[in-house]
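As the structure lists them, so they are numbered: ligands from 1, and atoms in each ligand from 1. Since the model is a prediction, treat every value here as computed from it, not as a measurement.
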Amino acid sequence: MPLSSRHLLGLETTPKEDIKLILDTATTFKEVLERPIKRVPTLQGKTVVNLFYENSTRTRISFELAEKRLSADAVNFSVSTSSVSKGETFKDTIRNIEAMKIDMVVVRHAAAGTPLYLTQLCDAHIINAGDGIHEHPTQALLDMYSIREKLGRLEVVKVCIVGDIAHSRVALSNIFGLKTIGAEVSVCGPATMIPRNIKELGVKVFYNIDEAIQENDVLNILRIQLERKAGGNFPTLREYHTSYGITNERLDKNGKDILILHPGPINRGVEISSEVADGSHQIILQQVTNGVAVRMAVLYLLGTQN
Ligand code: CP
């Protein structure tokens, strides 16, 4: 069964059947990653360009590994070493890359809507690896995969996304994907970080982190995005940590066996304490492992379409 779209631009309009297909296919590829030889010939002869206009550790390396595990030719574009520094436009850059006969583009860009714009510029399959504060669909898919792997289901699981909701593409993709699949989604943070119309997306809002811990099965804790000026939304980082930081003391006080996710990178001592980031509730590095399998599934399902 193929995906219903030629591209993965976001989860807002991705149907439940597509999400399930990606997650189920990722299970097969996770088994490949456990083998001594972690490679299958599925995308032999296909070329994937990783077009990263913004910094990344996890997503870029995860996509490159996924492409190599599928035997695709992976090409990395980094804006700092490209002819963009000589004044070449985005459109000309894409047209030149496409002229080299490529099949797929994985794109990260600070401007929301860049992946959609790319679909109008070239014929390759486009995968959104994070566009501004819009969406980061493969992060949400790997988060969903990790919750399902740990709890055995996603339907009616109560997931609270904590922190800088207003600046977070991870939050938006998680809300869309989790709601589509039937999870109960909420957000928690200071009012300055919660968009005013968030309830229109069908999510509950908590302003008190202890209530959020008591009422949910999963916390997906977001990084305070200091580079997007998020630090201006509360008096000090110490105050944020005191009011919303996830600590062992806070988890113990609420007596909950709660699952902790974090997409990374982590600000230790701000949104999460080191003891929780390395502790028994969290599955942060399992999320990273699952990211390769999920991205293999997305690349395979798009790359084998006609
Ligand atoms: N989670 C995430 O997108 O991390 P990177 O910015 O390192 O890719």
* Nearest-contact summary for atom 4 (O) of ligand 1 - protein heavy atom, Å -> Arg58 NE, 3.1 Å
* Can you tell me how far the CG atom of Leu154 sits from the CE atom of Met144, to the nearest 0.5 Å? -> 7.0 Å
* Asked: Are side-chain N/O atoms of Glu149 and Asn290 paired as donor and acceptor at under 3.5 Å?
  -> yes
* Looking only at side chains, do Asp131 and Thr114 share a donor and an acceptor under 3.5 Å apart? -> no
* Quick one: does His136 get within less than 4.0 Å of ligand 1, heavy atoms only? -> yes
* Side-chain donor/acceptor of Arg58 to backbone N/O of Val288, under 3.5 Å -> no
* To do: Run the numbers for me: atoms of ligand 1, each under 4.0 Å from some heavy atom of Gly264, listed by number.
  => 1 (N), 2 (C), 4 (O)
* Who's the nearest protein heavy-atom neighbour of atom 1 (N) of ligand 1, and how far? -> Pro263 O, 2.9 Å
* Got a salt bridge between Glu31 and Arg35, using NZ or NE/NH1/NH2 to carboxylate O under 4.0 Å? -> yes
* Going by the order shown, which atoms of ligand 1 are within less than 4.0 Å of some heavy atom of Thr57? -> 5 (P), 7 (O), 8 (O)
* Can you tell me which residue and heavy atom of the protein come closest to atom 6 (O) of ligand 1, and the distance to 0.1 Å? -> Arg108 NH1, 2.9 Å
* To do: Find out whether the Lys NZ or Arg CZ of Arg295 is both under 6.0 angstrom from the six-membered ring centre of Phe63 and within 45° of the ring's axis.
  => yes
* Does Arg60, backbone or side chain, put an N or O under 3.5 Å from an N or O of ligand 1? -> no
* To do: Number the atoms of ligand 1 from 1 as they appear, then name those within less than 4.0 Å of a heavy atom of Thr59, with their elements.
  => 2 (C), 3 (O), 4 (O), 5 (P), 8 (O)
